[in-house]
Asker: 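What follows is a single structure, and I will ask about it in a moment.
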2 protein chains.
Amino acid sequence: MRNRDDQKEQAIREKVIELTAQEGFDGLSMHKLARAAGVSPATIYIYFKDREDMLLQVFTEVSDQMYKATIESFDPDMPFAEGLRVQWINRAHYFINHPMEMQFLEQMRHSPLNEKAMAQNASMFKESMQKFVHQAIDRKELIQLPFEVYWSIAFAPMYQLVKYHAQGNSSASERFELTENILEQALRLVIKALTP
Amino acid sequence: MRNRDDQKEQAIREKVIELTAQEGFDGLSMHKLARAAGVSPATIYIYFKDREDMLLQVFTEVSDQMYKATIESFDPDMPFAEGLRVQWINRAHYFINHPMEMQFLEQMRHSPLNEKAMAQNASMFKESMQKFVHQAIDRKELIQLPFEVYWSIAFAPMYQLVKYHAQGNSSASERFELTENILEQALRLVIKALTP
DNA sequence: TTTTTTAATGAACGAACATTCATTTATATT
DNA sequence: AATATAAATGAATGTTCGTTCATTAAAAAA
């Protein structure tokens, strides 16, 4: 018997993220990926059923990593504004420090694979977020609104700010730098919108 | 001499949007596209230099159409809240009524083609929006903030709401329907965040 | 040490890819 | 009606695609 080489699998997973972020899904071919990861094309099929399964598995892994970073030091019984702040800053920092992972996730989210990814993904995380939100509404720390409206107002602006930041890093002119001050300002405005 | 058939070109452009929305960029092959549009693959190359040029041209066309819809009945000298409302509702309705166009635009925005698309695109629209924002700040109808923060807080939530809506239309369970009331509620919250 | 098991591979598969080209078709101009 | 011009095409180009397979290498179990 011979054991699987976890380093090989990890190399493949990392290159999936890197190549997808750089060249998009059509740029990600199994041959290129194998060459980048330093393995044979056939090796990829030891670890993944096929290309789609590979993308979905990597998506799940990166999502979980991002969720984990999001709830670092978060406690569902925190006051609403404080709990939101912790998650907000955690997630923003994760994306700022992992631009390729963010690019990969966002490309996934906007591709037709998204539906299949959603089906198997993140139900636990979403449930606990819904609980946090409903609890905050009950305590009158958060205005009454559907979960989707809450999420859109709370987090979509942060995603957009990080995207501006990432774009600015590539094009030289009129660069937008996302400082801690700007993050704080945006967060305060979001809280202003959401609290009674 | 023989004239170009505008209907052929338009059929190609429409199918680019449709196929990209349905199957993503890797699903969009020139052969499939030709078959869907009812032309020969070679015909596409009469109207477009190559695949990338085609995608960029369609992106420009759809963007312009969306910008035009956004500023319908908008006047830059409107009071800030009213001007924002007009643009906000216009754009939301455009996306709700043109889900494939939105999917196409968002896929473009998150692909590596985005940089090339930005270079040639929409500078005039952005300039007039910046003017509107700075004018509002001068009049103290809008709090002082960088343009990117304004845009993120004002429009990113609406994009996210429309995406929830579009997802909900495909998966049967726990469907989220974006009603006019919910749109209005979100818009009021955004205005609450942005006004002094 | 030998056997057994599975990881790992390079070469090979047919299919599908973007693009080109020789030819035909349509139509504006003469 | 004849000519000229460019649109339109199906077939063919060579390449690259995702995936498989016969074979070899490694290491755990005997």
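For clarity, every value in this text was computed on a predicted model and none was experimentally measured. In what follows, every chain begins at residue 1, and chains take the letters A, B, ... in the order their sequences are listed.
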Asker: Go through D/dA7, D/dT19, C/dT19 for me and flag the one nearest to the A/R51 side chain.
Answerer: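 It is D/dT19.
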Asker: Consider the side chain of B/M30, meaning its heavy atoms from C-beta on, and name the nucleotide among C/dA7, D/dT19, C/dT19 that approaches it most closely.
Answerer: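 For the B/M30 side chain, the nearest candidate turns out to be C/dT19.
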Asker: Without swapping roles, check the side chain of B/D26 against the backbone of A/D26 for a donor-acceptor pair under 3.5 Å.
Answerer: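 Not a single qualifying donor-acceptor pair exists.
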Asker: Once you round it to whole Å, what is the distance between P of D/dA25 and NZ of A/K8?
Answerer: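 From A/K8 NZ to D/dA25 P: 14 Å.
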Asker: From the set C/dA8, D/dA8, D/dT20, return the single nucleotide nearest to any side-chain atom of B/D5.
Answerer: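 Given the options C/dA8, D/dA8, D/dT20, the side chain of B/D5 is closest to D/dA8.
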Asker: Starting at the 5' end of DNA chain C, which residue's closest nucleotide do you reach first, B/K32 or B/N3?
Answerer: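 The answer here is B/K32.
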Asker: Considering residues at least two apart in sequence or located in another chain, which fulfil the side chain to side chain contact (heavy atoms under 4.5 Å, CB included) criterion with B/E52?
Answerer: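 In terms of side chain to side chain contact (heavy atoms under 4.5 Å, CB included), with neighbours along the sequence ignored, B/E52 is linked to B/D50, B/L56, B/L113, B/K116.
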Asker: Using a heavy-atom cut-off of under 4.0 Å over every strand shown, decide if A/L28 touches base, sugar-phosphate, or nothing.
Answerer: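 Result for A/L28 = sugar-phosphate.
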Asker: How are the rings of B/F74 and B/F132 set to each other: parallel, tilted or perpendicular (split at 30° and 60°)?
Answerer: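 Rings of B/F74 and B/F132: perpendicular, over 60°.
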Asker: Please work out if B/F48 contacts a base, only the sugar-phosphate, or nothing of the nucleic acid, heavy-atom cut-off 4.0 Å.
Answerer: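 Nothing: the residue B/F48, judged by heavy atoms under 4.0 Å, touches no strand.
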Asker: To the nearest Å, how far apart are B/R4 CZ and C/dT25 C1'?
Answerer: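 That distance rounds to 17 Å.
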Asker: For A/F25 and D/dG18, give me the distance from atom CZ to atom C1', rounded to whole Å.
Answerer: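 Checked: the CZ to C1' distance equals 16 Å.
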Asker: Can you check the B/D6 CG to C/dT27 P distance for me, whole Å?
Answerer: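 From B/D6 CG to C/dT27 P: 14 Å.
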Asker: Check whether any side-chain N or O of A/S29 sits under 4.0 Å from OP1 or OP2 of D/dT16, and answer yes or no.
Answerer: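 False: A/S29 side-chain N/O out of range (4.0 Å or more) of D/dT16 OP1/OP2.
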Asker: Could you verify whether a donor N or O on one side chain and an acceptor N or O on the other, from A/Q57 and A/D53, lie under 3.5 Å apart?
Answerer: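 The answer is yes; a qualifying pair exists.
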Asker: Can you tell me if the side-chain N/O atoms of B/R2 get under 4.0 Å from OP1 or OP2 in D/dT5?
Answerer: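 No.
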Asker: Assign each of A/I46 and B/H31 to its nearest nucleotide of DNA chain C by heavy atoms, then name whichever residue's nucleotide is nearer the 5' end.
Answerer: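 Its nearest nucleotide being more 5', the pick is A/I46.
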Asker: In whole angstroms, how far is the P atom of D/dC17 from the CG atom of A/D50?
Answerer: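 Taking atom P of D/dC17 as the reference, CG of A/D50 is at 17 Å.
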Asker: Take atom CG of B/L33 and atom C1' of C/dA18, then tell me their distance rounded to the nearest Å.
Answerer: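 Value for this atom pair: 12 Å.
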Asker: Among D/dC17, C/dT9, C/dA18, which is the nearest nucleotide to the side chain of A/S40?
Answerer: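 Nearest to the side chain of A/S40 among the choices is C/dT9.
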Asker: Tell me whether the rings of A/F125 and A/Y67 are parallel (<30°), tilted (30 to 60°) or perpendicular (>60°).
Answerer: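 Because their plane-to-plane angle is under 30°, the rings of A/F125 and A/Y67 count as parallel.
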Asker: Which whole-number value in Å describes the distance from B/I44 CD1 to D/dT9 P?
Answerer: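 Rounded to whole Å, this separation is 10 Å.
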Asker: Find the distance B/M54:CE to C/dT19:C1' and express it as a whole number of Å.
Answerer: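 Distance, rounded to whole Å: 12 Å.
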Asker: OP1 or OP2 of D/dT9 less than 4.0 angstrom from a side-chain nitrogen or oxygen of B/Y45, does that happen here?
Answerer: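 Result: no.
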